[in-house]
Visitor: 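Encoded as structure tokens, here's the structure I'll be asking about.
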Protein chains: 4
Amino acid sequence: MNRDKILATALTLFVERGFSGTPTALISKEAGVSTGTLFFYFKTKEELIDTLYTCIKQEAAEALSLGSRKDKTVAGKIRHYMANAVAWGIQNPKKITFMEQFANSPFVSKGAHEEGTSHFLFMEDLVHDGIREGSIRPIDVNLLFCIMGSSIGAIIELASKEQDPGRRQKIVDDGLDLIMGGMRA
Amino acid sequence: MNRDKILATALTLFVERGFSGTPTALISKEAGVSTGTLFFYFKTKEELIDTLYTCIKQEAAEALSLGSRKDKTVAGKIRHYMANAVAWGIQNPKKITFMEQFANSPFVSKGAHEEGTSHFLFMEDLVHDGIREGSIRPIDVNLLFCIMGSSIGAIIELASKEQDPGRRQKIVDDGLDLIMGGMRA
Amino acid sequence: MNRDKILATALTLFVERGFSGTPTALISKEAGVSTGTLFFYFKTKEELIDTLYTCIKQEAAEALSLGSRKDKTVAGKIRHYMANAVAWGIQNPKKITFMEQFANSPFVSKGAHEEGTSHFLFMEDLVHDGIREGSIRPIDVNLLFCIMGSSIGAIIELASKEQDPGRRQKIVDDGLDLIMGGMRA
Amino acid sequence: MNRDKILATALTLFVERGFSGTPTALISKEAGVSTGTLFFYFKTKEELIDTLYTCIKQEAAEALSLGSRKDKTVAGKIRHYMANAVAWGIQNPKKITFMEQFANSPFVSKGAHEEGTSHFLFMEDLVHDGIREGSIRPIDVNLLFCIMGSSIGAIIELASKEQDPGRRQKIVDDGLDLIMGGMRA
DNA sequence: TATGAATGAGGCTTCATTCAT
DNA sequence: GATGAATGAAGCCTCATTCAT
């Protein structure tokens, strides 16, 4: 319970102020616990952000891979996953920002980074399949993957600013169309 | 001279360790000057990062807009500018990272952010022109713009990892093709 | 049972790390009990060390005064007690170190210090007797006493490092001879 | 200047309250400098005590070995050095207490301990010489050395309590006689 | 211009102690 | 008797900034 409050508060503050810019005292205060309690659950500030990073990456990966069985084509599956990602991102704006901000951060340990990345390997495989069967443009998988990721981030950012559900959906669809259009062979 | 050494060192360190994670004492030490000298040129740490941010944004904008007169079509111009951006990014990896890292940072003053953004407005106008003349897919300019920006970042990141000039160029070309393919009406 | 485990663990840790250097949490952990249990038996950390100090001093005094009736001369009695002290010290190295370390410590209460000292007054009387009867060099009793004590400590320290029983005994005998030789009138 | 004030204050406080029992904030306050200044001169609290330990050991060794050329016999030299040690100890009570207290302390680094010990090796050699020439009782040098050291400590302690110069000198002479008496073959 | 000793507020973390279970 | 989560004061150390030289 307290542990969860600390994690949730840390997420908000790290996103707003950065890692070094967020005193642990502020985290515990905002979480409504004492300084001691924070360090009871997390031995160091680094362990706190590592835990946070790992949890969020895992949660994102799970949200990504929900119900894709209906789509037959590789492109369909990819679009489905990307739509999942966008939907999750819109509903979890802080977590998305956090992931982007700390994706290359020296404050997150190498181990946490590796574990975080491992949950997304299945997407790389999927893109490989697409290239092999000829439906995806045959370019460097890393490049494709990287552009996909950053574009999804851009779509989420834009869509989040739009309150009207209809228009928001249009932004998402347009954005995904744009990326898929670029990817297709 | 000392001022430039300080700026260059600050760039490296801010990128590696973040703003709050970089003591001014470390900057001055790495720059080979005394703590006092740093504060002679920049009244505060904030003024230092603001100066850095503004300089880099301006330099990037200038690099972007080099020699585009030959391209007749809007799409051609856009591609030209994007290629400029990628080329500059590959040659200035720290500056690119710095711009991405501090684009939404609370440590950079609002004024510096605004001044930085102003140098890139001409790109937005260009995209507008493309939509009006029917060569660009008629979707939200911000969305397009945002996807362009993040994709350029992705291309730079990938291309930087590739040492072989030929292969590197291929990555750049493939990446730009992918984005342009998605943008075209 | 738990109380004894706590006392034994505290002895080891206080000797190794000092009083302030030993967290109560470490004591309870090493003793295999919870933090709460320690404070059930000892209201404060000070009460713990006071108890430890008093117990050890008493134990040492009892070991010292075992079976001395056979020795007729004062010098013989003194040597007997000193031998007892050395024997006990070799068998209880931690307790000896503890006593030396906390003999003048502000962490042990005045009351515990006084009680501890009281058990050894009979030795002072004995030295007085020796001087009166002319067998002991007539110098300040405190000086004699102090040199005796510190020398015993030195013998114990040296003898403890020697594993071979024969050699160890020689160190003890040589050491006691040396001191007795100096004391004799 | 400030550095020296810090060292002097640390000496007093470490002796009175132990290492862990002395907050760095108290040291700087009593020394009349700010907390930052202490850490400007000594990177850590450990470096402070290490420096202190090394300085004092060296000073003691120098005081010990003053003017011994007149004494012809080994025993005479030893007594001369011991008298030097006692005299220095009486004039520097805090330093003596400090040396005794931290001689086996885990707070002083191994390196500092070794350096501290090295200054006194010449005394061991001297005792060796005495045994070889037959003037010193042929027992373990370490034992002799250890008893000498602890007895000197005891003499200093007792003598320091005596204000009257004549009586004080008598305590010192008696004490040294006692030890030399024990040591002689 | 340049230096670096000095400052003191503030950051991370520890720890003796309590208390509900 | 026993547990261990919770507390918050206090400890060590860092760091932006100043100022006399």
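Numbers restart at 1 for each chain; the letters A, B, ... are given by sequence-line order, proteins then strands.
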Visitor: Round to a whole Å and report the spacing from CD of Glu47(A) to C1' of dC12(E).
Guide: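 Answer to the nearest Å: 14 Å.
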Visitor: List the protein contact pattern of nucleotides 13-21 of chain E with one symbol per nucleotide (5' to 3'): B for base contact, S for sugar-phosphate-only contact, - for none; contact means a heavy-atom distance under 4.0 Å.
Guide: BBSBBB---
Visitor: Rounding to an integer number of angstrom, what distance separates dT1(E) and dT21(F) when you compare their C1' atoms?
Guide: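 Straight-line distance between the two C1' atoms is 13 Å.
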Visitor: Would you mind telling me which of dT3(E), dG8(E), dG1(F) lies closest to the side-chain atoms of Thr37(B)?
Guide: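 Side chain of Thr37(B) sits closest to dT3(E).
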Visitor: Does a side-chain heavy-atom distance below 4.5 Å link Leu48(A) with Leu7(A)?
Guide: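 Yes - at least one pair of side-chain heavy atoms lies under 4.5 Å apart.
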Visitor: If you compare every side-chain N and O of Asn2(D) against the phosphate oxygens of dA5(E) (OP1, OP2), does one of them come in below 4.0 Å?
Guide: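 No, because none of the side-chain N or O atoms of Asn2(D) sits under 4.0 Å from OP1 or OP2 of dA5(E).
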Visitor: Using the test side-chain contact (heavy atoms from CB on, under 4.5 Å), find all partners of Thr117(D) that sit at least two apart in sequence or belong to another chain.
Guide: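 Residues passing side-chain contact (heavy atoms from CB on, under 4.5 Å) with Thr117(D): none at all.
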Visitor: Do Ile156(A) and Ser160(A) have side chains that get closer than 4.5 Å, going by heavy atoms?
Guide: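 Of all side-chain heavy-atom pairs linking Ser160(A) with Ile156(A), at least one is under 4.5 Å.
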Visitor: Ile6(C) has an atom CD1; how far is it from atom C1' of dT3(F), in whole Å?
Guide: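 From Ile6(C) CD1 to dT3(F) C1': 13 Å.
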Visitor: Please report the closest heavy-atom contact between His119(A) and Ala61(A), naming both atoms and the distance.
Guide: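 Closest approach of His119(A) to Ala61(A), heavy atoms only: CB-CB, 3.4 Å.
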Visitor: Output the rounded distance in Å from NZ (Lys5(D)) to C1' (dA5(E)).
Guide: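 Rounding to the nearest Å, NZ of Lys5(D) and C1' of dA5(E) are 13 Å apart.
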Visitor: Could you measure the distance from the CD1 atom of Ile56(A) to the CG atom of Asn92(A)? Nearest 0.5 Å is fine.
Guide: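 Those atoms lie 8.5 Å apart.
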Visitor: Could you tell me how far apart Phe107(B) (CZ) and dA16(F) (P) are, to the nearest whole angstrom?
Guide: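 In whole Å, dA16(F) P lies 11 Å from Phe107(B) CZ.
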Visitor: Base, sugar-phosphate, or nothing: which does Phe42(A) touch, judged by heavy atoms less than 4.0 Å apart?
Guide: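 Result for Phe42(A) = nothing.
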Visitor: Going by an N to O cut-off under 4.0 Å, is there a salt bridge joining Lys95(A) and Glu59(A)?
Guide: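 Between Glu59(A) and Lys95(A) there is a salt bridge, with a charged N closer than 4.0 Å to a carboxylate O.
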Visitor: Once you round it to whole Å, what is the distance between P of dG11(E) and CG of Leu48(A)?
Guide: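 My rounded result for the distance is 16 Å.
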Visitor: What residues form a side-chain contact (heavy atoms from CB on, under 4.5 Å) with Gln101(D), not counting sequence neighbours?
Guide: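 For Gln101(D) the side-chain contact (heavy atoms from CB on, under 4.5 Å) partners, ignoring immediate neighbours, are Thr97(D).
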Visitor: Tell me the interatomic distance from Leu38(B), atom CG, to dA5(E), atom C1', rounded to whole angstroms.
Guide: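 For the pair Leu38(B) CG and dA5(E) C1', the rounded distance is 17 Å.
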Visitor: Would one find a side-chain N or O of Ser34(A) under 4.0 angstrom from OP1 or OP2 of dG8(F)?
Guide: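 Checking dG8(F) against Ser34(A), no side-chain N or O comes under 4.0 Å of OP1 or OP2.
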Visitor: Rounded to whole angstroms, how far apart are CZ on Arg3(B) and P on dA2(E)?
Guide: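 The distance from CZ of Arg3(B) to P of dA2(E) comes to 12 Å, rounded to the nearest Å.
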Visitor: So for the helix from dA2(E)-dT21(F) to dT21(E)-dA2(F), with five pairs setting each end axis, what is the inter-axis angle to 10°?
Guide: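 For the helix from dA2(E)-dT21(F) to dT21(E)-dA2(F), the axes at opposite ends meet at about 0°.
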Visitor: Please list, chain by chain and in numerical order, all residues satisfying ring pair (Phe, Tyr, Trp, His ring centres under 6.0 Å) with His113(D), sequence neighbours excluded.
Guide: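 If we apply the ring pair (Phe, Tyr, Trp, His ring centres under 6.0 Å) test to His113(D), skipping adjacent residues, the hits are Tyr53(D).
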Visitor: If the condition is side-chain contact (heavy atoms from CB on, under 4.5 Å), which residues does Phe19(D) pass it with, not counting sequence neighbours?
Guide: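 For Phe19(D) the side-chain contact (heavy atoms from CB on, under 4.5 Å) partners, ignoring immediate neighbours, are Phe14(D), Lys45(D), Glu46(D), Ile49(D), Phe102(D), Phe107(D).
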Visitor: Just how far, in rounded Å, is P of dA10(F) from CD1 of Ile27(D)?
Guide: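 Ile27(D) atom CD1 is separated from dA10(F) atom P by 18 Å.
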